[in-house]
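Starting off with a structure, shown below.
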Protein chains: 2
Amino acid sequence: MAKHDTDLSLLFHALADPTRRSMLTKLAETPVSVTDLAGPTGLRLPTVMRHLSVLEEAGLITTAKDGRVRTCAIVPEALVPARTWLDEQRALWEAQLNRLDAFVMQAMKGREE
Amino acid sequence: MAKHDTDLSLLFHALADPTRRSMLTKLAETPVSVTDLAGPTGLRLPTVMRHLSVLEEAGLITTAKDGRVRTCAIVPEALVPARTWLDEQRALWEAQLNRLDAFVMQAMKGREE
DNA sequence: GTATTACTTAGCATTATGGCTAAGCATGAT
DNA sequence: ATCATGCTTAGCCATAATGCTAAGTAATAC
């Protein structure tokens, strides 16, 4: 499988967890430290770190350490591959819808005769 | 967590596997039997069934049995929640981009003085 | 210089995922 | 009636995912 397949898998997998999605939503507002991110989740720090590394490996966030504080921020273009894939699928799926329409039309036409 | 959160998790999780994505792409062409779907994957039937049930629970496909053949088909509107979520995020993330722009502008302005 | 804060690392427990084989069951062909 | 086909179920194995605690380390505050 192509590399961009792997990318998509990482991306969708990262998005498949509600905790991670809410982290992203929070980060969309403004960059935030690890502890501040952890706060609302009720999860322990090591657990949060793990979620962050999943997000980072998927390319969805970057983190940088300044002193003892690590600040996390979204990577704005990271969602593009997911959107692109969905758009492609929508095109394909619509094509099938049209074919179904055509089939139904055909069937109705046949019936009329 | 809200129910539609669960839906999204199921959806993204279903999409996070390359085998399942290629099944969807094939099904986007035309509805197909389980065995025909299994063919190109090189996977055993029980394994394929498992993937299919993940796709079905995510609402991405429907299946119906006619005689001894089960035919699988995509559910065209099933990708909508994923698209919607991505669109919402894009809006939020762009807002932050704009804020960053503003910040940079401010910084540059400050520097000029 | 000691304590606190903010992560980090290591390691553990539980559950989920993705693959398999073997055996079952219903339908269609002979 | 018998056999082949197409799925289905049950159960196993290995690995990955998600949570934790406990014990680090490094930077800051006192």
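Chain identifiers are assigned alphabetically (A, B, ...) following the order of the sequence lines, protein sequences preceding nucleic acid strands; residue numbering begins at 1 within each chain.
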Query raised in the report: Once you round it to whole Å, what is the distance between P of dA17(D) and CG of L10(A)?
Result: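 In whole Å, dA17(D) P and L10(A) CG are 9 Å from each other.
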
Query raised in the report: Nearest-Å distance, CZ (R44(B)) to P (dG6(D))?
Result: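 In whole Å, dG6(D) P and R44(B) CZ are 15 Å from each other.
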
Query raised in the report: Taking N and O atoms by type only, does the side chain of R68(A) place a donor or acceptor under 3.5 Å from a partner on the base of dA27(D)?
Result: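 Yes.
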
**Report entry** Nucleotide dA16(D), atom C1' - distance to CD of E57(A) in whole Å
**Finding:**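 Taking CD of E57(A) and C1' of dA16(D), I get 13 Å after rounding.
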
Query raised in the report: For the pair made of CE in M49(A) and P in dA6(C), what is the distance, rounded to whole Å?
Result: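 From M49(A) CE to dA6(C) P: 14 Å.
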
Query raised in the report: Under 4.0 Å between a side-chain N/O of T47(A) and OP1 or OP2 of dC20(D), yes or no?
Result: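 The answer is yes; a side-chain N or O of T47(A) sits under 4.0 Å from OP1 or OP2.
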
Requested in this report: Starting at atom CG of L52(B), determine the distance to atom P of dG6(D), rounded to an integer number of angstrom.
Outcome: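 Interatomic distance, CG of L52(B) to P of dG6(D): 16 Å.
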
Query raised in the report: When rounded to the nearest 0.5 angstrom, what is the spacing between CG in L27(B) and SG in C72(B)?
Result: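 Interatomic distance, L27(B) CG to C72(B) SG, rounded to 0.5 Å: 6.0 Å.
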
Query - 5′-ward residue of the pair H13(B)/G42(B) relative to DNA chain C - result: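 Whichever sits nearer the 5' end wins; that is H13(B).
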
Report task. Measure from CG on D36(A) to P on dT5(C) and round the result to the nearest Å. Result ->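 It is 14 Å, rounded to the nearest whole Å.
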
Query raised in the report: Can you say whether the rings of F12(B) and F12(A) are parallel (under 30°), tilted (30 to 60°) or perpendicular (over 60°)?
Result: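 Parallel, since the angle between the ring planes stays under 30°.
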
Query raised in the report: L60(B) and side-chain contact (heavy atoms from CB on, under 4.5 Å): which partner among V75(B), L15(B), L52(B), L10(B)?
Result: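 Exactly one pass, corresponding to L15(B).
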
Query raised in the report: Which nucleotide, dG19(D), dC7(C), dG18(C), lies nearest any side-chain atom of H51(B)?
Result: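 It is dG18(C).
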
Query - Residue among L37(B), L24(B), V54(B) satisfying side-chain contact (heavy atoms from CB on, under 4.5 Å) with I61(B) - result: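 When side-chain contact (heavy atoms from CB on, under 4.5 Å) is applied between I61(B) and each of L37(B), L24(B), V54(B), only L24(B) qualifies.
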
Query raised in the report: Atom CZ of R20(A) and atom C1' of dT18(D): how far apart are they, to the nearest Å?
Result: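 Interatomic distance, CZ of R20(A) to C1' of dT18(D): 9 Å.
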
Query raised in the report: Can you check the L45(A) CG to dC7(C) P distance for me, whole Å?
Result: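 About 7 Å, once rounded to whole Å.
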
Query raised in the report: Quick one: does R90(A)'s side chain have a donor or acceptor within less than 3.5 Å of a partner on L79(B)'s backbone?
Result: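 Answer holds: no.
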
Query raised in the report: Nearest nucleotide by nearest heavy atom, which residue falls closer to the 5' end of DNA chain D, D66(A) or D17(A)?
Result: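 Nearer the 5' end of the strand: D17(A).
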
Query raised in the report: Which nucleotide, dC7(C), dT8(C), dT8(D), lies nearest any side-chain atom of K65(B)?
Result: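 Looking only at side-chain atoms, K65(B) lies closest to dT8(D).
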
Report task. Could you please name the option among dG19(D), dG6(D), dC7(C) that lies closest to any side-chain atom of V69(B)? Result ->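 Among dG19(D), dG6(D), dC7(C), the one nearest the side chain of V69(B) is dG6(D).
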
Query raised in the report: Looking across every strand, which nucleic acid part, if any, lies under 4.0 Å from R50(B) by heavy atom: base, sugar-phosphate, or nothing?
Result: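 Base, at least one base atom sits under 4.0 Å.
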
